Peer 1: 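The structure follows.
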Amino acid sequence: LAGLPPQAGGEDDVKIKMLETVRPDFPFLLTGVPVDTVLICGEVYEATRNKYGAVCGICENGQKLGVKPGEFEITEDAS
C-alpha cells in the first residue's frame, strides 16, 4: 500500500473505498458472524491495517472484515 506505511508497533487507521461488495465467506456465517457484515461497493469505510499490510474494513455493524488487494483502494490516512 504505497505511500502509507503501517505504524511500527500495531495497527494503522485508514479509510478505504470499496471497489466491489465483500461479504464473509460462507463458513464464517455458520459460526455466528452477523448476516449484515458487508462492505458495499462504492462506499467509504474506516479500516485498520496491521504491520504486515493486511487491511480490515469496519462494517456498519462494527464487525471487521478482511479485504484483499483489488477489492478496495485507500482514500486517506484516518489518523
Side-chain angles (χ1 to χ4, degrees):
L1 304 173
L4 292 174
Q7 297 172 353
E11 293 188 341
D12 188 22
D13 294 329
V14 295
K15 288 189 179 181
I16 58 172
K17 180 177 181 181
M18 296 306 299
L19 302 177
E20 56 186 75
T21 297
V22 175
R23 291 182 170 85
D25 292 332
F26 182 71
F28 291 102
L29 293 175
L30 297 176
T31 64
V33 173
V35 177
D36 62 344
T37 301
V38 61
L39 298 168
I40 299 172
C41 182
E43 297 293 322
V44 175
Y45 296 92
E46 298 288 330
T48 59
R49 179 178 49 191
N50 70 18
K51 64 182 179 179
Y52 303 107
V55 176
C56 288
I58 302 172
C59 302
E60 293 292 326
N61 66 4
Q63 295 286 314
K64 288 185 178 181
L65 185 57
V67 291
K68 301 174 191 168
E71 295 177 336
F72 69 97
E73 63 186 12
I74 292 187
T75 59
E76 64 183 87
D77 183 358
S79 49

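Note that these values count all heavy atoms, side chains included, but never hydrogens, waters or copies made by symmetry. On a predicted model such as this, the values are computed, not experimentally measured, just so you know. Just so you know, residue 1 is the first one in the sequence shown, and it goes up from there.
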Peer 1: Any chance you could measure Thr48, atom OG1, to Asp13, atom CG, to the nearest 0.5 Å?
Peer 2: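 Reported value, rounded in 0.5 Å steps: 7.0 Å.
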
Peer 1: Looking at every non-hydrogen atom in both residues, tell me the closest pair between Glu20 and Gly70 and how far apart they are.
Peer 2: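 Looking at all heavy atoms of both residues, the shortest contact is OE1-O, 4.0 Å.
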
Peer 1: Same cluster for Ile58 and Val55 if Ile/Leu/Val/Met/Phe/Trp/Tyr side chains link at under 4.5 Å?
Peer 2: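 No.
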
Peer 1: Check the pair Met18 / Val67 against side-chain contact (heavy atoms from CB on, under 4.5 Å), numbers first and verdict last.
Peer 2: CA-CA 9 Å; Met18 296 306 299; Val67 291; 3.9 Å; yes

Peer 1: Where do Ala47 and Gly57 come nearest, in terms of heavy atoms and distance?
Peer 2: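 Distance-wise, the nearest heavy atoms are CB-CA, 4.0 Å.
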
Peer 1: Of all heavy-atom pairs between Lys64 and Cys56, which one has the smallest distance, and what is that distance?
Peer 2: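 Nearest heavy atoms, Lys64 then Cys56: CB-CB, 4.1 Å.
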
Peer 1: Tell me, with the steps shown, if Ile16 and Val44 meet side-chain contact (heavy atoms from CB on, under 4.5 Å).
Peer 2: CA-CA 5 Å; Ile16 58 172; Val44 175; over 6 Å; no

Peer 1: Tell me, please, which residues at least two apart from Ile40 pass side chain to side chain contact (heavy atoms under 4.5 Å, CB included).
Peer 2: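 Ile40 satisfies side chain to side chain contact (heavy atoms under 4.5 Å, CB included) with Thr21, Val38, Glu43, Tyr45 once adjacent residues are dropped.
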
Peer 1: Should we say atom CD of Glu60 is surrounded by more than 12 heavy atoms from elsewhere, each under 6.0 Å from it?
Peer 2: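 Counting other residues, nucleotides and ligands, CD of Glu60 stays at 12 neighbours or fewer.
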
Peer 1: Once side chain to side chain contact (heavy atoms under 4.5 Å, CB included) is applied, do any residues pair with Cys59, and if so which ones, sequence neighbours excluded?
Peer 2: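 Per chain and number, Cys59 pairs via side chain to side chain contact (heavy atoms under 4.5 Å, CB included) with Thr37, Leu39, Asn61, Leu65.
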
Peer 1: Which heavy atom of Glu46 sits nearest a heavy atom of Lys15, and at what distance?
Peer 2: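 It is OE2-CE, 2.9 Å.
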
